[in-house]
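First the structure, in the form of structure tokens, and then the observations on it.
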Amino acid sequence: MTQIALITGANKGIGYATARALGELGMTVLLGARDEGRGVAATRELAGLSARYVALDVTDAASVTAAADWVAAEFGRLDVLVNNAGIVRADGAGLPSATTLPTMREVFETNVYGVVTVTNAFLPLLRLAPAARIVNVSSEVGSISSMTDPASPLFALTSVPYPASKAALNMITAMYAKELRDTPIKVNAANPGYTATDFNSHHGFRTPAQAARVCAHLATLPADGPSGLLWGHLITLDGDQNGVLAW
Ligand SMILES: NC(=O)c1ccc[n+]([C@@H]2O[C@H](COP(=O)([O-])OP(=O)(O)OC[C@H]3O[C@@H](n4cnc5c(N)ncnc54)[C@H](OP(=O)(O)O)[C@@H]3O)[C@@H](O)[C@H]2O)c1
């Protein structure tokens with residue numbers, strides 16, 4: 001049975017690379033994108049793979065409901081949900097004291113509330129799959145342990161909106177994993193590592209393909225695999241090494 005995977009924010013960057021990676025594993029990939037032109041163009045680039053575009057703005061509840069209705073009608077279930085869509089904003093020099101509520105709200109709308117909206121809309125379809133996997137694309141900057149460790153390369157960062165949104169996403173991941181612990185569904189947070197995309201004007205030192213491998217690993221965990229972890233690139237180790245990160 002071909003697995004069905006939905007990736008939000010799949011028209012570029014890590015989401016697109018994840019769609020490609022899961023498509024190359026033989027899954028039918030549904031590329032969620034808020035802009036039809038960008039979404040259709042990205043889906044066309046996956047020619048040769050089983051790929052479909054689905055209109056999906058994670059901040060628009062009606063758009064999310066319509067996408068879930070379409071997946072239900074077309075496929076009747078969902079095997080993999082990758083909550084990838086995300087934005088980054090900072091105020092001023094990125095100090096907590098310069099943080100404004102409009103910026104906080106904007107970031108949380110996408111990175112936090114969007115994930116809850118999408119996950120709850122698709123959970124009935126994920127429950128209909130034999131062993132669904134939910135991957136929340138988070139970040140090491142959402143790890144309070146790493147951000148407060150003077151020995152960590154992340155210690156210099158002080159911005160509030162984006163790191164706080166990923167810390168919230170980490171808690172959301174842990175709580176969904178707890179609710180679903182007696183089901184076959186696994187819920188994990190992915191740390192793709194600092195990846196060269198539009199997100200950071202391509203300053204990241206990892207490739208989208210490397211980041212996508214983190215998401216694909218969590219999307220294909222076996223039945224005895226973990227749930228409720230933050231897993232992915234380990235910045236403290238040399239090279240392309242992945243593992244469990246502290247929350
Ligand atoms: N790059 C990194 O170093 C890095 C590190 C750790 C974690 N991450 C996380 O990885 C994820 C992907 O980031 P990226 O680096 O690939 O960034 P990106 O290249 O900027 O891609 C972000 C994607 O999210 C989409 N998006 C934004 N708001 C959306 C909304 N309301 N509804 C639907 N889609 C929306 C964007 O669509 P548009 O094209 O329409 O804007 C785009 O497709 C994010 O969650 C980010 O926090 C990135």
Side-chain angles (χ1 to χ4, degrees), residues 6-21 29-43 45 53-67 81-90 105-119 121-122 134-143 146-147 153-154 157 159 161-170 172-173 188-216 218 230-235 242 245:
L6 169 66
I7 304 97
T8 67
N11 54 284
K12 66 177 183 179
I14 295 168
Y16 173 77
T18 299
R20 174 176 286 284
V29 288
L30 313 178
L31 282 78
R34 57 180 165 178
D35 178 272
E36 184 176 355
R38 292 195 285 273
V40 168
T43 306
E45 282 177 40
Y53 157 71
V54 55
L56 209 172
D57 182 334
V58 303
T59 64
D60 177 349
S63 153
V64 175
T65 303
L81 170 63
V82 183
N83 283 308
N84 165 78
I87 60 169
V88 63
R89 304 279 186 274
R105 289 196 179 104
E106 184 185 3
V107 172
F108 271 60
E109 281 295 339
T110 301
N111 296 9
V112 181
Y113 312 144
V115 173
V116 175
T117 306
V118 171
T119 304
F122 282 92
I134 300 172
V135 181
N136 293 330
V137 183
S138 186
S139 170
E140 56 214 341
V141 306
S143 162
S146 299
M147 292 287 274
L154 304 174
L157 302 177
S159 182
Y162 180 74
S165 76
K166 294 301 189 184
L169 180 58
N170 289 346
I172 287 165
T173 303
N188 288 290
N191 175 36
Y194 191 38
T195 305
T197 66
D198 289 348
F199 205 77
N200 47 38
S201 306
H202 295 261
H203 288 303
F205 50 75
R206 281 163 61 77
T207 66
Q210 285 176 309
R213 278 202 283 281
V214 171
C215 300
L218 294 174
L230 172 60
W231 188 92
H233 183 240
L234 297 170
I235 197 170
N242 298 318
L245 286 86

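From a predicted model like this one, the values you see are computed outputs, not experimental measurements. One-based numbering, in listed order, for ligands and for the atoms of each.
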Heavy-atom check, side chain of Leu245 versus side chain of Glu140, under 4.5 Å: yes

Nearest non-hydrogen protein atom, atom 35 (C) of ligand 1: Ala85 CB, 3.5 Å

Per-residue contact class, Glu109 against ligand 1 - non-hydrogen pairs under 4.0 Å: neither

Side-chain heavy-atom pair Val58, Thr110 within 4.5 angstrom cut-off: yes

Residue Leu56 vicinity, atoms of ligand 1 by number, heavy atom under 4.0 Å: 32 (N), 33 (C)

Proximal atoms of ligand 1 relative to Tyr194 (non-hydrogen, under 4.0 Å): 3 (O)

Under 4.0 Å to a heavy atom of Gly13 - the qualifying atoms of ligand 1, by number: 16 (O), 19 (O)

Between CG on residue Leu157 and OH on residue Tyr162, distance to nearest 0.5 Å: 11.0 Å

Protein residue, atom and distance nearest to atom 31 (N) of ligand 1, heavy-atom basis: Asp57 OD1, 3.0 Å

Test of proximity, Val58 against ligand 1: N or O pairs below 3.5 Å: yes

Polar side-chain atom of Asn83 near backbone of Ile134 as donor-acceptor pair, under 3.5 Å: no

Qualifying residue for side-chain contact (heavy atoms from CB on, under 4.5 Å) with Leu169, from Asn136, Asn111, Val116: Asn136

Close side-chain approach of Val82 and Leu6, heavy atoms under 4.5 Å: no

Side chain, backbone, both or neither: the part of Val88 lying under 4.0 Å from ligand 1 by heavy atom: neither

Asp35, portion touching ligand 1 at heavy-atom distance under 4.0 Å: neither

Value rounded to 0.5 Å, distance of CG in Asn11 from OG1 in Thr43: 8.5 Å

Polar side-chain atom of Thr117 near backbone of Ala61 as donor-acceptor pair, under 3.5 Å: no

Ligand 1-proximal atoms of Asn200, by part, heavy-atom distance under 4.0 Å: side chain

Region of Arg38 that comes within reach of ligand 1 [heavy atoms, distance under 4.0 Å]: side chain

Backbone or side-chain N or O of Ala10 under 3.5 Å from ligand 1 N or O: no

Selected option - heavy-atom contact closest to atom 4 (C) of ligand 1, from Ala211, Gly193, Gly204: Gly193

Heavy-atom check, side chain of Ile14 versus side chain of Cys215, under 4.5 Å: yes

Heavy-atom pair of closest approach, residues Val107 and Pro161: CG1-O, 3.7 Å

Taking every non-hydrogen atom, the tightest pair across Arg20 and Glu45: NH2-O, 3.3 Å

Ligand 1 contact on Tyr162 by region, counting heavy-atom pairs under 4.0 Å: side chain

Protein contact of atom 14 (P) of ligand 1 - nearest heavy atom, named by residue and atom, plus distance: Thr197 OG1, 3.6 Å

Atom indices of ligand 1, in the order listed, that fall short of 4.0 Å to a heavy atom of Ile87: 27 (C), 28 (N)

Side-chain touch Tyr194/His233, heavy atoms, less than 4.5 angstrom: no

Heavy-atom nearest neighbour in the protein, as seen from atom 22 (C) of ligand 1, with distance rounded to 0.1 Å: Gly86 O, 3.8 Å

Nearest-neighbour protein heavy atom for atom 17 (O) of ligand 1, which is reported as residue plus atom name and distance: Phe199 CD1, 3.1 Å

Region of Ser138 that comes within reach of ligand 1 [heavy atoms, distance under 4.0 Å]: backbone

Residue that, paired with Val64, satisfies side-chain contact (heavy atoms from CB on, under 4.5 Å) out of Thr119, Val118, Thr8: Val118

4.5 Å side-chain heavy-atom contact, Trp231 and Val214: yes

Ser139 neighbourhood, listing ligand 1 atoms whose heavy-atom distance to it stays under 4.0 Å: 6 (C), 7 (C)

Atom indices of ligand 1, in the order listed, that fall short of 4.0 Å to a heavy atom of Val137: 9 (C), 10 (O), 11 (C), 45 (O)

Candidates Asn170, Leu230, Leu234, Asn242 - the one meeting side-chain contact (heavy atoms from CB on, under 4.5 Å) with Asn191: Leu230

Min N/O separation Asn191 to ligand 1 under 3.5 Å: no

Nearest-contact summary for atom 45 (O) of ligand 1 - protein heavy atom, Å: Asn84 O, 2.7 Å

Heavy-atom nearest neighbour in the protein, as seen from atom 41 (O) of ligand 1, with distance rounded to 0.1 Å: Arg34 NH2, 2.7 Å

Distance from atom 1 (N) of ligand 1 to nearest protein heavy atom, with residue and atom: Thr195 O, 3.2 Å

Mode of Pro192 contact toward ligand 1 - side chain, backbone, both, neither (heavy atoms, under 4.0 Å): side chain

Min heavy-atom dist Lys166 to ligand 1 below 4.0 Å: yes

From Ser159 atom OG to Met147 atom CE, the distance as rounded to the nearest 0.5 Å: 8.0 Å

